[in-house]
Each structure stands twice: as structure tokens, then as C-alpha cells.
Amino acid sequence: MRPLVARYGVMWVITIATPAQAQLAERPLRFTLEDWADETWLLLEDRDAVGDGRLSRLGILQRFDDKIDAEYQLDLVSAGFSPVDEYWWRTQDNGIRYLGSSINRRELFQRTDVKIAVPAADDWQIRVRLNNKNSPTVQRSLVRAEVRKTWPSGIYGFAQGSLHDIKPSSDISIGAGVAMPSIHAKATVAVLDAFNGVTEQLLRESRFGPTTSVEYEKHPIAFRVSADVQAGDQLRAEVHGAILLSARVRASARAQPDSGFTQTEGFRLLGALAEWSVSRRLTVGTFATHVRASLNRSALPLGIAQDDFRLIEQTTRIGGVVLAHPTDRWVIQTWTARSFRPEHRRYTTNGGSDVDWEDRAWSGKTSARYTSNRFLTTVAIDWDLREVVHGNATLTDLRPDEEGRFVGIGQVPSFEFLGRNHTRARYEIGWQFDPGRRITLGFKIDLDADNYRGSHSRFDGAHGRFELTW
């Protein structure tokens, strides 16, 4: 049972910066889509960590989930790093950052990122990345190890392995890139679930092992590209893209090979931004992202009707960013985006009810941070103004179920009705012990009076951040 009467808890975030930056205001007024691209890519690469796992009927993206509540999307906005801090993290080779944020009275959203790059020999480097994330929809602990060779021209090649706790799901990638003052670009070819069918052949199976057989009739191979181009002193653009070549998997019980299903999968993502540095103290920009995932599942002769369907999930965002230094001690950052999240499921037999879900939202946040020597303080407003346009059959009245959760017949699945507006204020204080070593703590105040949750409390949880780079 998960109480949803009020939102309490603690969120902590860790950030570490380089010695060259003694003040937040000294960080470049820039933003990036790299974190979005990597997090979205991991929904494909690390399928076992998402929701109900690798073969879930919920699909690859798994956005609509009855484990989340109406403010979950707002929680993600509040917990995220600022645009300036995201860009700063991207430019660092070594660092660790941690964040934690209360998402309800009982649970904590947590994320830890670690980057390590060390020289191995002349022009050779070993890079290790750790991505750890705990939320109602993702339980991830992923290590990616890379060996990189760089030539004097700025061109480099690399090989990377992703290590999963489920050994057949580990991945192998190879690629090349270029790093020059005006352009950074990289292309990657990834063999996903590279050891599926190999691990079981080479290792003696335990008699207590899984009873489900997963075999690829067409192995998943994905391509990923990114580019960051600087045009003069004022204009910059980023592009991120990835595509999964059509993959076909067969899942069945070992004892009955015809009792499962076959599934064809598709996935693609595309993101782009344009940034204009109006002056040293002002940057404006716009961005757009799109991700689409599909499953076409067919039941085998002894399969069940629920495994005959086609599912298409999409998320599209279009938004803008304004970053400003009014004075040397103040940094103002704001971003807002319009998002569209349709989902369509159609059964080819009488295996279940067809799905036509979609929600749309205006989301974003505005923050003002003051920096004085070692002291930091931030005030911010976060918002998620969401409407359900398909899936709720025009029902807006709510009723509590047997566990006290507010639900509506026919709505998009979640703990609570999603089509509501949510806003909150945040206040943070922090310390910069040395240049590049920073910790911030804070709390959230509800601004939209969520009385339907059964509480009149304005306290909406606590949070914190801690970053370190070297």
C-alpha cells in the first residue's frame, strides 16, 4: 500500500566542479540535450531495468504506469539539474553527482552518475561510466567501460561494453568521433543483448535457472550519432539521433517451445537544439525532441490471445531556454516545453481492449541563484500543466479505491487522475567548499492546493544536490 495523502521526504543532489570555476556564474551560459539523449537511449539499451522488464506488454518507453501518481512528472522537473549545470557536467571527464528527491511520503527518487577517464598509454584512454537510478519506473545500476584511442588530428575510435546484471543482456559498441574547437561529433554501432544465446552455451545452467527461453531470430543492432557545432562566437547547434534496426525475438517456455510469442521491435530518437549567445550575460535557445518505440507481437500456436497486438509509443517535446547573468552574483535560468505523449495499442484478436491514450502538457521551471563566496541560495518555480486528451472518456470526477488512491474509470493508468495542473516553489541553500565542490539542500512548497489528495499541507517534500568533478 502506498499512501498518497501528502508528499513528504528528502531529496539530495551531489555536484562536483573543476577548480577553474570558483563561482556558479563562471559556468558557461549554455544548455545541452546530451543527458536527455543518453537517458532515452538507456530505455532501449537497458531494457531489464525499466518497469516490468524486458518482455513487458507495456512496451519500451513505459510512460503510463499505475505505480506513478499525478505529480510524478512535476517531481522529475523539480529533481533535474539546471541547464547550466547539465552543460557543465557534460564538459567534464571525471566526476560524480548524486541527487535524491522525495516523490511521496514514503519513496525517494535517486540518481547517481559517475564518470572516470584515465590514461592507459600514449594516446590511449580508459573511460568508465556508472548510471544508477531508482524510481517507480526504473531500477538501474549500469556500468559502461570504454577503451579509446585518440590521434593528433582530434579523431578518435573506441570500443565499449555495457555490463548488466542479467548477463545475456550485456551490450557491445564500437564507434568513432572527432573533437575539435568548432565541432564535436560521434557515431556508434551497438550490438544489443550481445551475449543472448552465447552465455547459455558457454556456461553450465543452474537447475534453478529461468524457465523462459529468449532467442533472437533477428538480432538487435542500433546506430547512434551526435554532433555539437559552434558557428562563430554566438551560434551553436546540437543534434542527437538513434535508430534500432528491426529486431525480432522469440520468447517461449522451455518445456513448450510453441507456447510463447514472437515480437518485432522498433525504436528511434531525434533531438536538436539551437543556441544564440546574445552577449556574455544572455543566452537564448530552442530545442525539440522526439522518440518513438513500437512492438508488433504475435502469439505462437500455443500462445495466448493477449500476445497478439501492435503497440506504438511516442513522446514529442518542443521548448525554449533563457539563461542570464544580470550581475556577477546572480544567474537566472528558465526553460519551458510543450509535450505530446500518444500511445496506441490494437489487438488483432480478442485479447484485450484497444488503447488510445494521450496526455499533453506545458512543463518547465524558472530559477534565480545567488552566489557569494562559498554561499549559494536559489529560489525557483516549477510547473507541469497537464491534460488528458485521450483515455479518460471525458471523466474528471475522482473516487478513492480500496487503498485510498484516487482513480477515474477509463483514464490513463496512474495512481491518480493525470489531467491536472501542478505548480510548486523551491528554496535551496548550498555551500561551495572549494571550487568544484558543492552541496545544496532545499524544500518544496505546494502552490496548487492539492486538497483532493486529502491534505491541506503546503509542504511538498525536501531535496538536495551534490556534484564533484576533477
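- Contact annotation: the side chain of R97 approaches that of W89 to within less than 4.5 Å [non-hydrogen atoms, C-beta and beyond].
- Atom NE2 of H290 and atom OG1 of T316 lie 5.0 Å apart (nearest 0.5 Å).
- A salt bridge links R236 to E238: one of the charged nitrogens lies within less than 4.0 Å of a carboxylate oxygen.
- If you check the side chains of T366 and Q333, you find no donor sitting under 3.5 Å from an acceptor.
- F443 and Y427 have tilted rings, their planes meeting at an angle from 30° to 60° on a 0 to 90° scale.
- Proximity of a side-chain donor or acceptor of T377 to a complementary backbone N or O of E428 within less than 3.5 Å is detected.
- The pair E387-R420 does not meet the salt-bridge criterion, since no charged nitrogen lies less than 4.0 angstrom from a carboxylate oxygen.
- Expressed to the nearest 0.5 Å, how far OG1 of T289 lies from CG of L270 amounts to 9.0 Å.
- Remark: of the listed residues V50, D48, N134, V50 is the sole one forming a side-chain contact (heavy atoms from CB on, under 4.5 Å) with R140.
- The two atoms that bring F309 and Y347 nearest to each other are CB-CD2, 3.7 Å, heavy atoms only.
- Partner of S162 under the side-chain contact (heavy atoms from CB on, under 4.5 Å) criterion, chosen from V143, L192, L142: L142.
- When atom types are taken as modelled, the side chain of N196 and the backbone of V214 share a donor-acceptor pair closer than 3.5 angstrom.
- Crowding of K186 atom NZ: a count of heavy atoms from other residues, nucleotides or ligands under 6.0 Å not exceeding 12.
- A salt bridge links E358 to R360: one of the charged nitrogens lies within less than 4.0 Å of a carboxylate oxygen.
- Across R310, K218, R47, a single residue satisfies salt bridge (Lys or Arg N to Asp or Glu O under 4.0 Å) together with E265, and that is R47.
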CA sep, side-chain torsions, deciding dist, call: T137, Q62, side-chain contact (heavy atoms from CB on, under 4.5 Å): CA-CA 8 Å; T137 59; Q62 301 187 26; over 6 Å; no
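- Annotation: side chain of T262 is in contact with side chain of R248 (closest heavy-atom distance under 4.5 Å).
- Within 6.0 Å of atom CG in N350, 12 or fewer heavy atoms from other residues, nucleotides or ligands are found, so the atom counts as exposed in its surroundings.
- Of the possible polar contacts, one joining the E313 side chain to the I60 backbone as a donor-acceptor pair under 3.5 Å is found.
- A 4.5 Å side-chain heavy-atom check between L385 and T423 finds at least one atom pair inside the cut-off.
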List the steps, then state whether side chain to side chain donor-acceptor pair (under 3.5 Å) holds for S78 with D75. CA-CA 5 Å; S78 298; D75 291 330; 5.6 Å; no
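- How far NE2 of H422 is from CH2 of W383: 15.5 Å, rounded to the nearest 0.5 Å.
- Atom CD1 of I174 sits in a sparse spot, with 12 or fewer heavy atoms from other residues, nucleotides or ligands closer than 6.0 Å.
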Derivation and outcome, side chain to side chain donor-acceptor pair (under 3.5 Å), residues H164 and D46: CA-CA 8 Å; H164 299 258; D46 192 9; 3.1 Å; yes
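- R369 and T378 are linked by a side-chain donor-acceptor pair at a separation below 3.5 angstrom, with hydrogens and angles left out of the test.
- Across all non-hydrogen atoms, the minimal contact from F459 to I445 is CA-CD1, 4.4 Å.
- Using a 4.5 Å heavy-atom threshold, the side chains of V291 and F267 count as touching.
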Show your reasoning for whether side chain to side chain donor-acceptor pair (under 3.5 Å) applies to R63 and T315. CA-CA 9 Å; R63 293 114 6 117; T315 299; 2.8 Å; yes
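- For the pair R317 and F340, the cation-pi test (distance below 6.0 Å, angle within 45°) is failed.
- Separation of atoms CD (Q139) and CG (N132) is listed at 9.0 Å; rounding is to 0.5 Å.
- The main-chain N or O of V249 is never found under 3.5 Å from a side-chain atom of H219 such that the two would form a donor-acceptor pair.
- Both the sub-6.0 Å distance and the 45° axial angle are not jointly satisfied by R111 relative to the ring of F109.
- The two residues A368 and I332 make their nearest non-hydrogen contact at CB-CG1, 4.2 Å.
- The two residues G419 and V388 come nearest to each other via the heavy atoms N-CG2, 3.6 Å.
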D354 vs D356, side-chain contact (heavy atoms from CB on, under 4.5 Å): CA-CA, chis, key distance, verdict: CA-CA 7 Å; D354 291 343; D356 181 17; over 6 Å; no
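- Within the 4.5 Å cutoff, the side chain of E34 has heavy atoms near those of the H240 side chain.
- We find the NE2-CZ distance between H325 and R27 to be 11.0 Å, quoted to the nearest 0.5 Å.
- Look at R30 and E275 and you find a salt bridge, because one of the NZ, NE, NH1 or NH2 atoms lies within 4.0 Å of a carboxylate O, short of that distance.
- The shortest non-hydrogen separation linking A187 to V225 is CB-CG1, 4.0 Å.
- Judged by distance alone, the side chain of D69 and the main-chain N or O of Y72 form a donor-acceptor pair under 3.5 Å.
- Judged purely by atom type and a 3.5 angstrom limit, K365 uses its side chain to pair as donor or acceptor with the backbone of G80.
- Between the side chain of E39 and the main chain of W36, no donor-acceptor pair closer than 3.5 Å is present.
- Residue pairs satisfying the salt bridge (charged side-chain N to carboxylate O under 4.0 Å, His left out) criterion with at least one member in residues 282-299, sequence neighbours excluded, are listed as follows: R297-D307.
- The minimum heavy-atom distance linking L269 with A37 is given by the pair CD2-O, 4.1 Å.
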Full working for side-chain contact (heavy atoms from CB on, under 4.5 Å) between L29 and Y87: CA-CA 9 Å; L29 284 182; Y87 184 84; over 6 Å; no
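- Only one option out of D228, D85, D38 pairs with R90 in a salt bridge (Lys or Arg N to Asp or Glu O under 4.0 Å); it is D228.
- Taking 4.5 Å as the limit, some side-chain heavy atom of F64 sits within range of a side-chain heavy atom of D359.
- Among R424, K444, R426, the one residue that satisfies the salt bridge (Lys or Arg N to Asp or Glu O under 4.0 Å) test with D382 is R426.
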Show your working on side-chain contact (heavy atoms from CB on, under 4.5 Å) between F287 and V321 and close with a plain yes or no. CA-CA 8 Å; F287 63 90; V321 177; 3.8 Å; yes
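- Using a 4.5 Å cut-off on side-chain heavy atoms (C-beta onward), T283 and W276 make no contact.
- One distance of note links OG of S82 with CH2 of W335; it measures 12.0 Å at 0.5 Å rounding.
- Residues L295 and T264 form no side-chain contact, since every pair of their non-hydrogen atoms from C-beta on lies 4.5 Å or further apart.
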